[in-house]
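Please read the structure below before turning to the comments.
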Amino acid sequence: MLHILLVGLVAGILARIISPGPNNPSGFILTVVLGIAGAFLATFVGQAIGHYSLDEGAGYITATIGALVVLFIWNRLVASRVIPDPGNK
């Protein structure tokens, strides 16, 4: 669990650097949450397809890919105005 949180922190920061844009979630806390969600997503998918055993978590690369997927979903939800853009007040 702690491994996923630490990897998620790095993955969130890397995802923000790789995919800058106007709808990026702003702030350090939201970046960390984005990365942790991506790490959990990558861990879940990796375990579901048999890439990881139940006691393994996602690595930095797959967690970053997961964070990019979460960021893409976030951007689509903000663009379609399903959720408000916290950076546009």
Side-chain angles (χ1 to χ4, degrees):
M1 178 75 167
L2 181 61
H3 176 262
I4 295 174
L5 295 175
L6 293 175
V7 169
L9 169 73
V10 174
I13 293 169
L14 287 174
R16 293 261 327 253
I17 292 170
I18 292 170
S19 177
N23 293 332
N24 271 345
S26 58
F28 181 74
I29 303 263
L30 208 47
T31 299
V32 171
V33 170
L34 165 79
I36 292 170
F40 274 109
L41 175 70
T43 299
F44 175 75
V45 170
Q47 289 174 350
I49 64 172
H51 186 67
Y52 301 120
S53 67
L54 293 178
D55 62 341
E56 285 183 302
Y60 290 104
I61 294 172
T62 52
T64 302
I65 293 169
L68 286 168
V69 169
V70 171
L71 180 62
F72 175 78
I73 293 169
W74 173 276
N75 286 338
R76 294 296 90 214
L77 291 174
V78 169
S80 64
R81 300 180 194 262
V82 172
I83 58 173
D85 185 4
N88 190 14
K89 293 182 179 184

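Heads up: numbering here begins at 1 and tracks the sequence.
Partner of I18 under the side-chain contact (heavy atoms from CB on, under 4.5 Å) criterion, out of T64, L71, I65: T64 alone.
Connection of V33 to Y60 is not established within any shared hydrophobic cluster, with ILVMFWY side chains joined at heavy-atom distances below 4.5 Å, either directly or through further cluster members. Hydrophobic clustering (side-chain heavy atoms under 4.5 Å, transitive across Ile, Leu, Val, Met, Phe, Trp, Tyr) keeps I13 apart from V10. L9 and I36 fall within the same hydrophobic cluster, defined by Ile, Leu, Val, Met, Phe, Trp and Tyr side-chain heavy atoms under 4.5 Å apart, directly or through other members. Residue V69 is not grouped with residue F72 when hydrophobic side chains (ILVMFWY) are merged at heavy-atom distances under 4.5 angstrom, including chains of intermediate members.
Annotation for Y52 and T43: closest pair CD1-O, 4.2 Å, computed over non-hydrogen atoms. Nearest heavy atoms, A11 versus A67: O-CB, 3.8 Å.
How far CG of L14 is from CD1 of I61: 10.0 Å, rounded to the nearest 0.5 Å. Between atom CG of residue L68 and atom CG of residue L41 there is a gap of 11.0 Å, rounded to the nearest 0.5 Å.
Under the 3.5 Å distance criterion, the side-chain polar atoms of Q47 are matched with a main-chain donor or acceptor of E56.
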